[in-house]
Amino acid sequence: MPQSSRSIIASSADDALKLEQTHVHAIYDQIAPHFSQTRYKAWPVVQRYLESRPRGSIGLDIGCGNGKYLSVNPEVYIFGSDRSSKLVELARSGKAVGKNRFADVGVADGIDAPFRDSRFDFAISIAVVHHFATRERRCEAVKGILRALRPGGTALIYVWALEQRNSRRGWDVGHGQDVMVPWVTEKEGTRTVVERYYHLYREGEIEADVEDAGGRVLENGYELDNWWVIIERAVSA
């Protein structure tokens with residue numbers, strides 16, 4: 001097993017919620033300033049997707065973190081949300097990565113986000129869905145993204161890949177997919193280690209989740225140790 005993580009599996013729905021609260025929500029509030037310092041550059045596929053949105057388009061960034069993607073295309077309107085109030089504060093301030101005057105940000109859960117159905121031209125959800133601790137909850141998160149899209153709208157989703165044999169983490173096929181990943185901070189000589197929960201997606205798995213959630217994959221690929229898909233709502237027969 002790679003030394004950078006340990007495996008864990010939620011055995012019930014209650015366990016999954018507790019796991020997310022303890023090892024996702026609480027952790028990102030705790031590490032928000034340090035985490036934000038490491039998140040400032042747009043990933044290439046995300047940047048291309050956002051820059052290709054038509055002027056005046058209205059979109060969502062579900063799990064926007066410090067808001068690094070909100071300013072990529074200043075000619076679109078973006079509503080951002082994140083479960084971490086500390087990261088939302090950074091996104092609102094624009095101090096971390098700059099601010100798009102056509103962006104608004106609020107605290108919301110990735111599954112229960114209070115966005116109107118069928119109203120958005122596009123959506124992105126980058127490095128978020130893999131933090132839900134059961135397949136059912138991950139599919140619910142994808143359903144929520146699809147539900148927000150108007151007919152013809154698309155969404156871009158990124159999730160961490162299991163297949164990272166060439167990365168410093170060393171994960172690959174055969175390793176456990178549900179892992180705790182440490183985040184290390186050092187301040188005034190004190191070293192603090194906390195653990196974040198991730199589900200590592202194997203090849204083809206996010207596509208299956210999208211299909212089960214009622215979506216259709218338009219494009220897919222692998223970038224920077226992540227699987228990504230561009231999706232739309234499937235047309236009912």
Donor-acceptor pair, distance only, cut-off 3.5 Å: does the side chain of [X] make one with the backbone of [Y]?
X: N73; Y: L50; value: yes
X: D29; Y: S85; value: yes
X: R233; Y: L149; value: yes
X: E20; Y: A133; value: yes
X: T154; Y: E232; value: no
X: E223; Y: W43; value: no
X: D104; Y: F79; value: no
X: S36; Y: P33; value: no
X: S125; Y: I157; value: no
X: K99; Y: R92; value: yes

Self-check item: Candidate list R137, R138, K143, test salt bridge (charged side-chain N to carboxylate O under 4.0 Å, His left out), partner E140, passing option
Solution: K143

Is there side-chain contact between [X] and [Y], with at least one heavy-atom pair below 4.5 Å?
X: E195; Y: I27; answer: no
X: V173; Y: R202; answer: no
X: R150; Y: F120; answer: no
X: F35; Y: R196; answer: yes
X: E205; Y: H199; answer: yes
X: R83; Y: Q21; answer: yes
X: V46; Y: L156; answer: yes
X: D121; Y: R53; answer: no

Quiz prompt | Shortest non-hydrogen separation from A108 to A113 and the atoms involved | solution = CB-CA, 4.2 Å

Quiz item: If you look at every heavy atom in L224 and P44, which pair is closest and at what distance?
Solution: CD1-CD, 4.1 Å

Quiz item: To the nearest 0.5 Å, what is the distance between CG (L200) and CG (D172)?
Solution: 11.0 Å

Quiz item: To the nearest 0.5 Å, what is the distance between OG (S118) and CZ (R116)?
Solution: 10.0 Å

Going by the angle between their ring planes, with limits at 30° and 60°, are [X] and [Y] parallel, tilted or perpendicular?
X: Y158; Y: W228; answer: parallel
X: Y198; Y: H130; answer: tilted
X: W160; Y: W171; answer: tilted

Test of understanding: clusters of I, L, V, M, F, W, Y form through side-chain heavy atoms closer than 4.5 Å, transitively. Do [X] and [Y] belong to the same one?
X: V142; Y: V128; answer: no
X: F115; Y: V129; answer: yes
X: I58; Y: Y69; answer: no
X: Y49; Y: V229; answer: no

Quiz prompt | Side-chain H-bond candidate by donor/acceptor type, D209 with Y201, under 3.5 Å | solution = yes

Self-check item: Short side-chain donor-acceptor distance under 3.5 Å, W227 and E163
Solution: yes

Quiz item: F122 and side chain to side chain contact (heavy atoms under 4.5 Å, CB included): which partner among D61, I230, I78?
Solution: I78

